[in-house]
Trainee: 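Sharing a structure below in structure tokens format, with a few things to ask.
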Amino acid sequence: MSMHTRPQPPENQEQLLLRAQRISGSSLGELACLAKWTVPPDLKKDKGWVGLLLEYYLGARAGSKAEQDFADIGVELKTIPVDVKGQPLETTFVCYAPLTRNTGIIWENSHLRKKLAKVLWVPIEGERQIPLTQRRVGTPFFWSPNLDEDKALQQDWEELMERIIMGQINHISAHHGEVLQLRPKAKNSRILTAATGETGQPIMTLPRGFYLKKTFTAAILARYFLL
DNA sequence: GGTTGATCATCC
DNA sequence: GGATGATCAACC
């Protein structure tokens, strides 16, 4: 890598993949330097820093609120921290779970399915023993759920949504679900959002997000890299 | 507060 | 050691 300027949004999927391939093998310190970004000492107070740096290099619109990072070309970007064996070190956040006005939503039209329809996975070395500047970008690849993966996601999503709609939100833990988890997603545990209680009454509860379990993303990575 | 980007750190 | 519940920051 030499000179760098922030790219425009990619015009097509091939261009996006080429950009990601071009920075694979680079260290985060190298990329940050070229972009004139300051590298934080660690991710304790900058948990999204790596994702934002990749967004910058790939031309994602900063602070995008669209359904996907690259809505025009139908792609969601996910960086995923991996260990030396290529195993995921963290679960993967997908989207918030709708806790109200959710009775008409079906799997086929769900936000989660839309987001996961096509993902550009970018593995990044994520072990804490590796200084942030020295962590390297891995090989990027496109993924779309195969039939089995789609069915597994659908089953968990429908089961979790059913519980939410039935007022069981405060009885759902991250143990529910085979490939998906429902877990808190908020600035802190004092944040509240509207939901439905056990007798159908309005309640306030912690916002929840859907996360992909590590076993699920590990299989995706294995399917690609062992192919 | 809601949504984007996620990882931290305590508890099992 | 790993997963669950908690948390951090920017933008709106």
Side-chain angles (χ1 to χ4, degrees), chain A residues 6 9 20 28 31-32 35 37-71 75-102 110-112 114-116 119-132 135 137-138 140 156 160 169-195 202-218:
Chain A
R6 191 206 218 312
L28 299 183
L31 294 178
W37 279 34
T38 304
V39 183
D42 52 52
L43 298 178
K44 287 181 186 176
K45 292 199 173 297
D46 296 271
K47 298 180 180 180
W49 185 82
V50 176
L52 295 176
L53 182 64
L54 267 290
E55 276 193 355
Y56 176 91
Y57 268 89
L58 300 180
R61 205 186 94 214
S64 171
K65 293 180 72 178
E67 284 215 323
Q68 296 161 309
D69 292 295
F70 303 96
V75 174
E76 172 73 9
L77 171 68
K78 287 292 177 196
T79 61
I80 183 165
V82 295
D83 65 16
V84 288
K85 297 175 182 173
Q87 297 287 312
L89 289 165
E90 296 288 348
T91 56
T92 302
F93 173 73
V94 182
C95 60
Y96 277 95
L99 304 185
T100 57
R101 292 174 280 175
N102 49 17
S110 66
H111 198 182
L112 184 132
K114 179 71 178 171
K115 278 225 163 187
L116 295 181
V119 177
L120 178 66
W121 291 102
V122 185
I124 313 264
E125 288 180 335
E127 285 174 311
R128 295 193 205 179
Q129 64 189 54
I130 309 174
L132 199 46
R135 297 183 193 176
V137 178
D156 280 356
L160 290 166
I169 183 65
N170 287 334
H171 301 295
I172 302 175
S173 80
H175 297 286
H176 295 91
E178 296 294 321
V179 298
L180 275 184
Q181 292 178 313
L182 197 70
R183 305 209 325 261
K185 171 64 172 172
K187 179 156 182 61
N188 58 57
S189 57
R190 283 143 353 241
I191 298 295
L192 295 174
T193 194
I203 62 167
M204 296 300 283
T205 191
L206 198 50
R208 309 301 213 282
F210 287 115
Y211 294 76
L212 300 178
K213 296 182 72 169
K214 284 198 275 185
T215 48
F216 186 74
T217 50

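Residue numbers start from 1 in every chain, and the chains themselves are labelled A, B, ... in the order their sequence lines are given, proteins ahead of strands.
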Trainee: So A:T193, base contact, sugar-phosphate only, or nothing? Heavy-atom distance under 4.0 Å.
Mentor: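 Touches sugar-phosphate only.
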
Trainee: Taking any heavy-atom pair under 4.0 Å as a contact, classify A:Q87: base, sugar-phosphate, or nothing.
Mentor: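 No contact.
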
Trainee: Exactly one of A:T79, A:V75, A:D69 should register a side-chain contact (heavy atoms from CB on, under 4.5 Å) with A:L120. Which one does?
Mentor: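 For A:L120, the side-chain contact (heavy atoms from CB on, under 4.5 Å) check succeeds only for A:V75.
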
Trainee: I want to confirm an ordering. Mapping A:I191 and A:V50 to their closest nucleotides on DNA chain B, which one lands closer to the 5' end?
Mentor: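 The answer here is A:I191.
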
Trainee: Is there a residue in residues 203-217 of chain A whose heavy atoms reach under 4.0 Å of DNA chain B, and which residues are they?
Mentor: A:Y211

Trainee: Does a side-chain N or O from A:T79 land closer than 4.0 Å to OP1 or OP2 of B:dA6, or not?
Mentor: yes

Trainee: Which whole-number value in Å describes the distance from A:K47 NZ to B:dC8 C1'?
Mentor: 4 Å

Trainee: With DNA chain C as reference, determine whether A:I172 or A:G48 sits nearer its 5' end, using the nearest nucleotide of each.
Mentor: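 Nearest nucleotide further toward 5': that of A:I172.
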
Trainee: Could you check how far CG of A:N188 sits from C1' of B:dG2, rounded to whole Å?
Mentor: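 Atom-to-atom, A:N188 to B:dG2, this comes out as 14 Å.
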
Trainee: Can you name the closest pair of heavy atoms from A:I130 and A:R135 and give their distance?
Mentor: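 For A:I130 and A:R135, the tightest heavy-atom pair comes out as O-NE, 2.9 Å.
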
Trainee: Would you say B:dT7 has OP1 or OP2 under 4.0 Å from some side-chain N or O of A:R128?
Mentor: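 For A:R128, the contact criterion (side-chain N or O under 4.0 Å from OP1 or OP2 of B:dT7) is not met.
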
Trainee: Expressed as a whole number of angstroms, how long is the span from A:K45:NZ to C:dA10:P?
Mentor: 11 Å

Trainee: Specify the residue among A:T91 and A:A186 whose closest nucleotide of DNA chain C lies further upstream toward the 5′ end.
Mentor: A:T91

Trainee: Can you figure out which of C:dA6, B:dA6, C:dT4 approaches the side chain of A:Q181 most closely?
Mentor: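 Given the options C:dA6, B:dA6, C:dT4, the side chain of A:Q181 is closest to C:dT4.
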
Trainee: Which of these nucleotides, B:dG5, B:dG1, C:dA9, is closest to any side-chain atom of A:D69?
Mentor: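 The listed nucleotide nearest to A:D69's side chain is B:dG5.
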
Trainee: Using a heavy-atom cut-off of under 4.0 Å over every strand shown, decide if A:G51 touches base, sugar-phosphate, or nothing.
Mentor: sugar-phosphate

Trainee: Can you check whether any acceptor in the base of B:dG5 is under 3.5 Å from a donor in the side chain of A:K185, or vice versa?
Mentor: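 When only heavy-atom distances are counted, A:K185 does reach the base of B:dG5 through a donor-acceptor pair under 3.5 Å.
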
Trainee: Is there side-chain contact between A:H176 and A:L160, with heavy atoms separated by less than 4.5 Å?
Mentor: yes

Trainee: What's the verdict on side-chain contact (heavy atoms from CB on, under 4.5 Å) for A:I169 and A:L182, showing C-alpha distance, side-chain angles and the deciding distance?
Mentor: CA-CA 9 Å; A:I169 183 65; A:L182 197 70; 3.8 Å; yes

Trainee: Would you say the side chain of A:I80 lies within less than 4.5 Å of the side chain of A:I124, judging by non-hydrogen atoms?
Mentor: no

Trainee: Report yes if the side chains of A:T217 and A:W121 come closer than 4.5 Å at any heavy-atom pair, otherwise no.
Mentor: yes

Trainee: Whole angstroms only, please: what is the CD-P distance between A:E90 and C:dC8?
Mentor: 16 Å

Trainee: In whole Å, I'd like the distance from the CG atom of A:L99 to the P atom of B:dT3.
Mentor: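 Going from CG in A:L99 over to P in B:dT3 covers 10 Å.
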
Trainee: With a 4.0 Å cutoff (strictly under), does any side-chain N or O of A:K187 reach OP1 or OP2 of C:dC11?
Mentor: no

Trainee: Measure from CZ on A:R190 to P on C:dG5 and round the result to the nearest Å.
Mentor: 18 Å

Trainee: Under 3.5 Å, is there any donor-acceptor pair linking the side chain of A:K44 to the base of B:dT7?
Mentor: no

Trainee: Taking everything shown except A:E127 itself, do over 12 heavy atoms lie less than 6.0 Å from its CD?
Mentor: yes

Trainee: Specify the separation, in whole Å, of atom CZ of A:R61 and atom P of B:dT4.
Mentor: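 From A:R61 CZ to B:dT4 P: 12 Å.
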
Trainee: Hey, does A:L28 have a side-chain heavy atom less than 4.5 Å from the side chain of A:V39?
Mentor: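 A side-chain contact is absent here, since even the closest heavy-atom pair is not under 4.5 Å.
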
Trainee: Look at all strands and tell whether A:L192 reaches a base, only sugar-phosphate, or nothing, counting heavy atoms closer than 4.0 Å.
Mentor: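 It contacts sugar-phosphate atoms only.
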
Trainee: Taking only the side-chain nitrogens and oxygens of A:H175, find out if one of them lies under 4.0 Å from OP1 or OP2 of C:dA3.
Mentor: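 False: A:H175 side-chain N/O out of range (4.0 Å or more) of C:dA3 OP1/OP2.
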
Trainee: Nearest-Å distance, CG (A:L43) to P (B:dC8)?
Mentor: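 Roughly 6 Å, once rounded to whole Å.
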
